[in-house]
Novice: 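The following block contains the structure, expressed as structure tokens.
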Amino acid sequence: MKTRYLLPHSLKLPGWIILGIGIVLGIFWLIFMDNIKFPTYMPALYNNDFDQNNRGWLVMITNGSIVDEIAGLFLIVGSLFVALSKEKVEDERFMKIRLDSLVWAVIVNSIVLIISLFMVYGLAYIYIMSISLVSLPLLFIFKFKYSLIREPDTEKKYQFTHPLRAVGWILLILGIIYWLLLMRFHNIHIYANMPALYNDGFVQGNNGWFKIVPHESISNELIALFIILGSLFVALSKEKIEDEFIMKIRLESLLWALIANNILLIICIFSFYGMTFLAVMLYSTISFPLMFLIKYIITLRRGY
């Protein structure tokens with residue numbers, strides 16, 4: 001059964017080259033970020049940078065260094081080319097391995113994000129959010145290649161049991177309701193003293209490994225937790241009758257969400273600056289599972 005949203009096999013080699021260049025650029029920028037200055041006059045869809053004079057919608061800004069944006073672009077495009085390019089011979093076996101690998105990558109990536117939400121604070125969390133922009137396709141590539149080499153005849157299923165679908169809907173609805181209420185009523189935050197695996201905030205006395213972050217608002221973390229878990233439980237729980245038709249819809253929905261989410265991320269990398277881009281990175285933690293869920297439900301109901 002043919003699968004849509006896969007790229008031609010000829011893009012796999014260019015993908016590895018682009019990905020390699022992106023990794024080199026990213027490492028180069030991390031090591032020498034303080035010394036790399038390539039000022040560029042850039043159009044911004046929205047700018048909320050405190051260091052910029054031109055703040056607002058549809059403005060031109062001076063980007064101090066475009067190296068990080070280019071590195072992010074190469075990492076995203078290269079990883080997508082490698083992950084989504086067809087094999088020389090595409091058959092049902094590859095479709096099953098690709099589905100299992102992608103579902104595994106989504107689950108592992110979500111677990112890492114959830115742990116980071118509640119255990120990493122300050123600037124360190126921003127670094128993790130930056131890595132999360134490319135972590136999902138990279139995890140998928142690793143698992144897919146590993147399964148091709150080590151488990152060629154093994155069918156592993158990472159879907160959840162069907163009863164978790166109802167639990168997923170409850171979590172998802174609670175997360176969305178609290179999100180909407182929080183945007184309307186800003187005084188309903190939930191505060192708690194939180195144990196942090198690592199904190200790199202502005203209060204120096206609480207910075208370092210294994211610290212307690214006092215009186216921290218965990219509202220956004222709870223919203224992300226409920227939405228991530230809820231959407232994954234709904235979308236990745238088995239149907240009452242699991243067959244090849246459902247498997248194909250689930251795989252194509254995952255591929256579509258991966259492509260659409262990363263296209264939006266690329267646009268945001270070159271369109272939003274300052275605090276707004278930090279908000280984009282935060283929302284990216286829930287955008288992929290939500291896009292996957294919406295696509296899966298619509299396709300399933302329409303009887304693709």
Side-chain angles (χ1 to χ4, degrees), residues 26-27 29-31 33-34 48-51 68 72 104-136 138-139 160 164 167-168 170-233 236 261 265 268-269 272-290:
I27 295 175
W29 182 77
L30 286 174
I31 296 175
M33 69 172 69
D34 294 331
N48 193 23
D49 194 334
F50 295 111
D51 296 331
D68 52 334
W104 177 89
V106 171
I107 294 173
V108 171
N109 195 64
S110 298
I111 291 173
V112 173
L113 285 176
I114 289 171
I115 293 174
S116 301
L117 281 170
F118 290 93
M119 301 197 71
V120 182
Y121 295 86
L123 294 175
Y125 182 71
I126 296 176
Y127 295 143
I128 290 179
M129 290 298 97
S130 300
I131 295 173
S132 71
L133 299 180
V134 296
S135 58
L136 179 57
L138 290 178
L139 283 169
F160 302 115
L164 279 179
V167 178
I170 294 172
L171 291 175
L172 182 60
I173 292 171
L174 287 176
I176 293 175
I177 290 175
Y178 186 35
W179 188 9
L180 295 175
L181 289 174
L182 193 63
M183 288 192 294
R184 179 63 179 86
F185 306 102
H186 301 290
N187 59 344
I188 58 172
H189 279 274
I190 298 175
Y191 293 91
N193 294 335
M194 296 298 295
L197 178 64
Y198 187 79
N199 180 38
D200 190 19
F202 295 105
V203 181
Q204 297 297 322
N206 294 323
N207 287 351
W209 292 92
F210 305 108
K211 297 290 185 177
I212 297 295
V213 181
H215 206 54
E216 173 74 17
S217 172
I218 60 172
S219 299
N220 291 326
E221 287 85 347
L222 289 175
I223 290 171
L225 173 66
F226 281 21
I227 291 180
I228 291 173
L229 285 182
S231 57
L232 289 182
F233 283 176
L236 297 183
N261 192 60
L265 287 177
C268 292
I269 286 175
F272 295 98
Y273 296 87
M275 298 299 296
T276 305
F277 184 70
L278 297 181
V280 168
M281 288 197 294
L282 178 61
Y283 290 133
S284 70
T285 61
I286 62 175
S287 60
F288 174 79
L290 279 179

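Here, residue 1 is the first one in the sequence, and each next residue gets the next number. All of these numbers come straight from a predicted model, not from anything done at the bench. What's counted below: heavy atoms across the whole structure, side chains too, no hydrogens, waters or symmetry copies.
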Novice: When rounded to the nearest 0.5 angstrom, what distance separates CG in Leu182 from CG in Asn187?
Specialist: 9.5 Å
Novice: Taking the side chain as every heavy atom from C-beta outward, state whether Leu180 and Met183 have any pair of such atoms under 4.5 Å apart.
Specialist: yes
Novice: Does the side-chain contact (heavy atoms from CB on, under 4.5 Å) test come out yes or no for Val112 and Ile128, once each step is laid out?
Specialist: CA-CA 10 Å; Val112 173; Ile128 290 179; 5.6 Å; no
Novice: Can you give me the closest heavy-atom contact between Ile212 and Pro195, atom names plus distance?
Specialist: CD1-CA, 3.7 Å
Novice: Give the minimum heavy-atom separation between Ile286 and Ala224, together with the two atoms involved.
Specialist: CG2-CA, 3.9 Å
Novice: Could you tell me which non-hydrogen atom of Ile223 sits nearest to which non-hydrogen atom of Gly175, and how far apart they are?
Specialist: CG2-O, 3.9 Å
Novice: Which value, rounded to the nearest 0.5 Å, describes the distance between Leu290 atom CG and Leu232 atom CG?
Specialist: 9.5 Å
Novice: Could you check if a side-chain atom of Asn109 sits within less than 4.5 angstrom of a side-chain atom of Phe288, using non-hydrogen atoms only?
Specialist: no
Novice: Taking the side chain as every heavy atom from C-beta outward, state whether Val167 and Phe160 have any pair of such atoms under 4.5 Å apart.
Specialist: no
Novice: As an exercise, state the distance from CG of Leu164 to CD1 of Ile170, rounded to the nearest 0.5 Å.
Specialist: 11.0 Å
Novice: CG of Leu225 to CG of Leu113: how many Å apart, nearest 0.5 Å?
Specialist: 11.5 Å
Novice: With rounding to the nearest 0.5 angstrom, report the CG to OG distance, Leu136 to Ser110.
Specialist: 8.0 Å
Novice: What pairs of donor and acceptor atoms, side-chain ones from residues 277-284 against any protein atom, are under 3.5 angstrom apart with sequence neighbours left out?
Specialist:
{"unit_1": "Ser284", "atom_1": "OG", "unit_2": "Met281", "atom_2": "O", "d": "2.5"}

Novice: Report yes if the side chains of Ile228 and Leu171 come closer than 4.5 Å at any heavy-atom pair, otherwise no.
Specialist: no
Novice: Show your reasoning for whether side-chain contact (heavy atoms from CB on, under 4.5 Å) applies to Leu197 and Phe210.
Specialist: CA-CA 5 Å; Leu197 178 64; Phe210 305 108; 3.5 Å; yes
Novice: Looking only at non-hydrogen atoms, find the nearest pair between Tyr178 and Ile188 and report the distance.
Specialist: OH-O, 2.9 Å
Novice: Hey, does Ile227 have a side-chain heavy atom less than 4.5 Å from the side chain of Leu172?
Specialist: yes
Novice: Any heavy-atom pair between the side chains of Leu222 and Phe118 that's under 4.5 Å?
Specialist: yes
Novice: Quick one: does Ile114's side chain get under 4.5 Å of Glu221's, heavy atoms only?
Specialist: no
